[in-house]
Amino acid sequence: MARVSLILICLAVLFLALELQVHADTLVGDPTTNYIMETQRAGGPDQARCLSENCFYKLLTCPENCRKRETIAPGNSACFLNCLRCEATCKHRKLDCFGYGAVCYDPRFIGGDGVMFYFHGQKDKNFCIVSDLNLHINAHFIGKRPEGRSRDYTWVQGLGIMFDSHKLAIAAKKVGVWDDNVDQLSFSYDGADITIPQLDGALWTSADGQVVIERTSDTNSAHVMINELMEVALDVVPITEKDSRVHNYQVTDENRFAHLQMQFNFFGLSPSAHGVLGQTYRPNFKTTVKTDVPMPILGGEEKYLSSSLLSADCKVNQFSVGGDVDSAVAASTVTKSPVVCSSKNGGMSCRR
């Protein structure tokens, strides 16, 4: 009996080690969120095991004041699991335009490799920013070309997220005179509009529980989580008079070009992930942008062009309905350090 028990224990340890290795090999990106969730106890706080080098296999438990990763009451904070600092703390959900997976401004990306770059795209066009076996994300670009300019100024106005057979659309509404107290966010899921009360902490959950959308302020800010695939924090912001004056956008109150600023976190993209942002999460990815110039620009727009917001047909598409990420060859382990941004040659340079 003792020998049988010992064999069972050894098999359990081996299974756990293999499971951790699979997760460690496929989860790349910010080490802060490099973890796997533990099975939740009924009524208990969220818990996770860290996979980052700093806190490997350490169990993090959400505090009593914020027992869940989503807020449970208006104005309350949520639990943030940090596998870089080996801690679980209570915070309000806000995006960081200088963090991994950020897409902000006109538009500036910070990749999973920590490298900052710009991708201008074209106004009124859609581009795949992430394309993987079981996840595809397009971005809709809006823009303006002032007189005398050779290219468009562009911003991301909408997101089209596809997974399994589902389609989630997120957009900033067109607006003239901007008012912080008026919500300009819109959502739809599988073709049906979503209504979420304009209250900090208000939640919407899909019927199958796969998608959770949470307002992180009364208006114009939200956090979206798709189970086991990704999460994104996003804000709607306008082009202000100051922005227009400083950058010569020539934007007026006729159209403030309200757009999205966002920060993604992915839960295990495959080694074949592609797209403007997705490819930067590949193991051993080497950027082709020139990082020693004031504005590093990623070209090759034709590779990422999609026919519509909710079409997975760009040239680098990896997505198929029911795509099996487990069939992919596991990536090599990648350990990442925090992103550091500094002024360089008149521009901003961000690297890990």
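Reckoned from all heavy atoms, side chains included, excluding hydrogens, waters and symmetry mates.
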What verdict does the side chain to side chain contact (heavy atoms under 4.5 Å, CB included) test give for R149 and N248, after you've listed the backbone C-alpha separation in whole Å, the side-chain angles of each residue and the deciding distance to 0.1 Å? CA-CA 10 Å; R149 287 281 300 176; N248 192 32; 5.6 Å; no
Single-linkage hydrophobic cluster, 4.5 Å side-chain cutoff, [X] and [Y] together:
| X | Y | answer |
| --- | --- | --- |
| L269 | M262 | yes |
| F141 | L298 | yes |
| Y57 | L59 | no |
| V182 | L185 | no |
| Y105 | V237 | no |

Do C83 and C50 have their SG atoms less than 2.5 Å apart? yes
Determine, for cysteines C79 and C66, whether their SG atoms are under 2.5 angstrom apart. no
Restricting to side-chain hydrogen bond (donor to acceptor under 3.5 Å, both in side chains), what partner residues turn up for [X], sequence neighbours left out?
| X | result |
| --- | --- |
| T89 | none |
| D152 | R145 |
| Y249 | D106 |

Please report whether the ring centroid of F119 lies less than 6.0 Å from that of F127. yes
Give a yes or no on whether the ring-centroid distance for Y189 and F187 is below 6.0 angstrom. no
Do [X] and [Y] have side chains that get closer than 4.5 Å, going by heavy atoms?
| X | Y | answer |
| --- | --- | --- |
| R108 | Y118 | yes |
| I137 | L159 | yes |
| Q279 | Y304 | yes |
| D190 | S206 | no |
| V224 | L168 | yes |
| V175 | K173 | no |
| F56 | L51 | yes |
| F285 | V115 | no |

Quick check: does any side chain N or O of [X] sit under 3.5 Å from a backbone N or O of [Y], one acting as donor and the other as acceptor?
| X | Y | result |
| --- | --- | --- |
| D132 | N134 | no |
| T154 | I142 | no |
| D253 | V177 | no |
| N265 | E231 | no |
| T219 | D180 | yes |
| S244 | V251 | yes |
| R67 | C62 | no |
| H166 | D164 | no |
| T280 | G112 | yes |
| Q263 | Y100 | yes |

Does CD belonging to E87 count more than 12 external heavy atoms closer than 6.0 Å? yes
Is it the case that more than 12 heavy atoms not belonging to E228 sit under 6.0 Å from its CD atom? no
Using the test salt bridge (charged side-chain N to carboxylate O under 4.0 Å, His left out), find all partners of E38 that sit at least two apart in sequence or belong to another chain. R49
For D183, the salt bridge (charged side-chain N to carboxylate O under 4.0 Å, His left out) test, sequence neighbours excluded, returns R215
Indicate the atoms forming the closest heavy-atom contact of [X] with [Y], along with that distance.
| X | Y | value |
| --- | --- | --- |
| D218 | D200 | OD1-N, 2.8 Å |
| L95 | A233 | CD2-O, 3.7 Å |
| V316 | G275 | CG2-N, 4.1 Å |
| T61 | Q47 | OG1-NE2, 2.8 Å |
| A273 | G278 | CB-O, 3.8 Å |

Verdict with reasoning, I239 to H259, per side chain to side chain contact (heavy atoms under 4.5 Å, CB included): CA-CA 8 Å; I239 299 299; H259 58 280; 3.5 Å; yes
If you apply the rule side chain to side chain contact (heavy atoms under 4.5 Å, CB included), what do you find for F109 with F264, and how did you get there? CA-CA 11 Å; F109 292 72; F264 293 95; over 6 Å; no
Name the residue from V232, L277, I226 that meets the side-chain contact (heavy atoms from CB on, under 4.5 Å) definition with F266. L277
Exercise: do Q261 and D235 side chains pair donor with acceptor under 3.5 Å: no
Stepwise side chain to side chain contact (heavy atoms under 4.5 Å, CB included) test for F163 and M230: CA-CA 10 Å; F163 67 100; M230 57 155 283; over 6 Å; no
Steps toward side-chain hydrogen bond (donor to acceptor under 3.5 Å, both in side chains) verdict (N138, H136): CA-CA 7 Å; N138 287 335; H136 187 96; 2.9 Å; yes
Identify, with sequence neighbours excluded, every residue that meets side-chain contact (heavy atoms from CB on, under 4.5 Å) alongside Q318. S131, S272, H274
Take Q184 and N220 through the side-chain hydrogen bond (donor to acceptor under 3.5 Å, both in side chains) test and state the conclusion after the steps. CA-CA 6 Å; Q184 303 296 348; N220 299 315; 5.9 Å; no
Measure the spacing between CE of M225 and CG of L203 and express it to the nearest 0.5 Å. 11.0 Å
